[in-house]
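Structure, as structure tokens:
Within every chain, numbering begins at 1; the chains are lettered A, B, ... in the order of the sequence lines, protein sequences first and strands thereafter.
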Protein chains: 2
Amino acid sequence: MTSSESGSRVLSARQQTAAPGAAAGNKRDAGAGAALGAAARLRVAVPSVADRVAAELRLQLAEGLLLPGARLTESTIAEDLGVSRNTVREAFAELAAERLVVRHPNRGVFVASLEPGDIHDVYAVRRAIEVSAIRGGGSPERVAAVRAAVEEGKAAAAADDEEGLGNANQHFHGAIVALAGSRRLDTIMAQVLAEMRLFFHKATLDAHFYRGWLADNEEICAALEAGDPGRAGDLLLAYLDRSEERQSAVHAE
Amino acid sequence: MTSSESGSRVLSARQQTAAPGAAAGNKRDAGAGAALGAAARLRVAVPSVADRVAAELRLQLAEGLLLPGARLTESTIAEDLGVSRNTVREAFAELAAERLVVRHPNRGVFVASLEPGDIHDVYAVRRAIEVSAIRGGGSPERVAAVRAAVEEGKAAAAADDEEGLGNANQHFHGAIVALAGSRRLDTIMAQVLAEMRLFFHKATLDAHFYRGWLADNEEICAALEAGDPGRAGDLLLAYLDRSEERQSAVHAE
DNA sequence: AAGTTCAGATTGTTCAACGATCCTTCAATC
DNA sequence: GATTGAAGGATCGTTGAACAATCTGAACTT
């Protein structure tokens with residue numbers, strides 16, 4: 001079946017950016033070492049097929065359609081998505097670099113599954129990055145982004161939207177890292193959050209714990225707004241310690 | 001190109017940099033559908049061809065044979081190394097995930113080159129990770145590893161070995177991050193160090209600056225051994241600030 | 001000299017194939 | 001009956017070739 005019409009047309013739209021008049025007169029990069037702007041690269045960023053495959057798999061991983069330990073067969077995914085095996089393979093390389101899947105030579109790729117030390121490991125990264133970012137303070141608009149995430153969480157709580165609560169919490173911590181204004185820290189944090197989303201997807205925590213998050217976030221944000229990043233950092237550190245303990249307990253059962 | 005002789009034996013058994021992940025004693029995979037043997041992970045893994053290609057390129061990048069901005073043509077490398085284009089492509093994906101090369105759609109891959117904000121960005125990551133790790137103290141044997149790196153630097157200084165000095169300094173900072181005992185932090189640090197090695201390879205700093213490093217490292221290590229990680233963290237932070245300033249100045253010219 | 005067209009080169013993607021490796025099944029042996 | 005060992009099948013790793021899409025550079029026109 002050469003996928004005349006495959007049931008799941010996941011890769012549908014070919015997003016062709018026409019880029020009308022915006023083609024700026026870029027200069028020649030004149031050999032090696034020229035700072036050919038990545039800015040220009042960001043404008044015409046057309047995601048390759050492999051990138052779209054990776055994005056699709058990432059989505060399925062985040063939504064819990066693919067559980068940890070599940071096997072991903074190259075040929076199956078290639079057929080399902082209507083792309084070639086080589087392309088799927090490239091997407092796998094991308095996901096493996098993000099630790100979302102692991103490759104077993106000659107056996108295949110599997111959705112990453114949590115090992116005993118991983119919880120502490122992930123929290124070690126979060127402690128390092130988040131606390132460092134929050135202690136540096138941040139511009140008013142970035143603090144405002146943190147505030148926005150807090151309010152998003154409150155709204156989700158009022159609406160009893162459990163998924164919205166989880167998202168809001170991730171936005172909150174993402175906004176904290178964004179305080180530092182570092183692209184690299186942002187991507188590291190995004191990867192860690194993706195890992196956590198994968199691992200703890202169905203680790204349904206009770207509502208009581210969610211309320212705890214909300215109060216913590218509010219207090220941290222308040223300290224930040226009050227111009228006391230040191231205190232905000234201490235609060236955040238305490239929160240992360242508690243959160244790790246909680247997750248360890250939930251996962252140890 | 002730099003390869004004068006184009007023998008297909010280029011892929012020799014070089015140093016393999018893969019982190020095998022020595023986590024043992026895992027119990028059962030909670031809720032996973034497929035049985036995922038941990039024993040398979042402990043098996044001696046022969047690096048794939050793509051991994052060897054990536055390792056070879058990484059080596060050439062670290063040694064400065066490939067300068068930032070240089071273009072890497074798929075077909076050329078495939079021929080030089082005696083592998084197929086697809087394999088080279090997979091190696092590129094690996095290196096791109098490590099930020100050592102950048103892909104320009106339909107134009108090719110280029111050795112990553114430093115942009116204005118990148119220096120601050122890299123140092124933001126280092127500040128977060130290194131300071132967090134050193135503030136947590138560390139087991140005696142890990143502190144001993146830091147000490148060993150300090151002594152390695154002294155020995156290189158005594159021998160006027162400039163390259164050895166640089167290596168020792170990287171070992172020193174790597175050992176500091178290793179204090180935290182986190183696999184993820186270690187790999188992040190390794191990537192950052194690889195980036196710096198790439199960017200600042202020919203930024204030959206004068207001997208005076210090297211001496212400054214040595215004194216700093218000694219002082220930081222001493223504070224650590226004296227059981228005062230807080231002070232060690234402050235010293236390290238000050239050092240990183242100075243180092244960033246220095247690198248910015250060198251690169252701004 | 002400036003703008004347009006066109007051919008060449010390189011990438012992106014697909015396809016088909018082969019050997020290598022692993023898992024499973026099943027028979028043979030002790 | 002349990003362990004060993006040999007097919008059998010499935011999947012991966014890698015290759016080589018092919019084609020379309022895109023970019024580059026130079027010739028050509030105005």
Side-chain angles (χ1 to χ4, degrees), chain A residues 1-4 6 11 14-19 23-32 34 36 40-41 43-54 56 70-96 101-110, chain B residues 1 8 11 18 33-54 56 70-96 101-110:
Chain A
M1 59 185 80
T2 54
S3 77
S4 52
S6 58
L11 295 178
R14 172 116 187 183
Q15 180 177 334
Q16 195 78 278
T17 60
N26 54 358
K27 306 196 63 169
R28 294 261 23 83
D29 64 344
L36 174 57
R41 200 56 39 209
R43 306 185 75 141
V44 293
V46 174
S48 81
V49 176
D51 287 336
R52 276 178 288 161
V53 170
E56 172 61 28
R71 180 173 185 187
L72 301 178
T73 309
E74 288 183 357
S75 48
T76 306
I77 294 181
E79 266 185 38
D80 281 358
L81 271 59
V83 299
S84 89
R85 250 182 71 201
N86 283 355
T87 303
V88 173
R89 180 167 265 272
E90 246 185 277
F92 280 168
E94 218 171 291
L95 297 176
V101 303
V102 291
R103 287 186 109 135
H104 289 212
N106 285 314
R107 293 193 19 132
V109 312
F110 300 80
Chain B
M1 277 305 162
S8 52
L11 285 185
L36 171 62
R41 207 165 309 157
L42 300 177
R43 167 179 49 69
V44 274
V46 47
S48 81
V49 176
D51 287 336
R52 273 178 290 163
V53 171
E56 172 64 27
R71 180 175 186 184
L72 302 178
T73 309
E74 290 183 357
S75 48
T76 309
I77 294 181
E79 258 183 54
D80 281 357
L81 271 58
V83 298
S84 93
R85 251 183 70 203
N86 283 339
T87 302
V88 173
R89 182 166 266 271
E90 246 186 280
F92 281 169
E94 215 171 295
L95 297 176
V101 304
V102 290
R103 286 187 109 130
H104 291 205
N106 284 313
R107 294 198 25 172
V109 313
F110 300 80

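Regarding A:Asn86, its CG atom lies at a distance of 16 Å from the P atom of D:dA18, rounded to whole Å. As rounded to whole Å, 15 Å separates atom P of D:dT22 from atom CZ of B:Arg107. Rounded to a whole Å, the CD atom of A:Glu79 is 13 Å from the C1' atom of C:dC15. When the P atom of C:dT10 is taken as reference, atom CD1 of B:Ile77 falls 13 Å away, rounded to whole Å. One atom, NE2 of B:His104, and another, C1' of D:dA21, lie 18 Å apart when rounded to the nearest Å. Straight-line distance from the CD atom of B:Glu74 to the P atom of C:dT13: 11 Å, rounded to whole Å. Between the CG atom of A:Asn106 and the P atom of D:dC12 there is a distance of 10 Å, rounded to whole Å. A straight line from CZ of B:Arg103 to P of D:dT22 spans 17 Å, rounded to a whole angstrom.
In this model, the phosphate group of D:dA10 is not approached by any side-chain N or O of A:Thr73 to a distance below 4.0 Å at OP1 or OP2. Taking side-chain N and O atoms only, A:Arg89 has no distance below 4.0 Å to OP1 or OP2 of D:dC12. A:Thr87 has no side-chain polar atom (N or O) that falls below the 4.0 Å cut-off from OP1 or OP2 of C:dG12.
B:Glu74 CD to B:Thr76 OG1: the interatomic distance, rounded to the nearest 0.5 Å, is 9.5 Å. Between the CZ atom in B:Phe110 and the OG1 atom in B:Thr73 there is a gap of 8.0 Å [rounded to 0.5 Å]. Here A:Glu56 contributes atom CD and A:Asp51 contributes atom CG; the two are 13.5 Å apart, rounded to the nearest 0.5 Å.
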Detail all sub-3.5 Å separations between protein N/O atoms and N/O atoms belonging to nucleotides 4-9 of chain C.
none

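The shortest distance between side-chain heavy atoms of A:Arg103 and A:Arg89 falls below 4.5 Å. Within the 4.5 Å cutoff, the side chain of A:Leu81 has no heavy atoms near those of the A:Val88 side chain.
A:Ala91 and A:Ala50 make their closest contact through CB-O, 3.6 Å (heavy atoms, listed as atom of the first residue, atom of the second, distance). Contact record, A:Glu94 with A:Ala54: OE2-CB, 3.5 Å, taken as the closest heavy-atom pair.
Both B:Arg85 and B:Glu90 lie close to DNA chain D; mapped to their nearest nucleotides by heavy-atom distance, the more 5′-ward contact belongs to B:Glu90.
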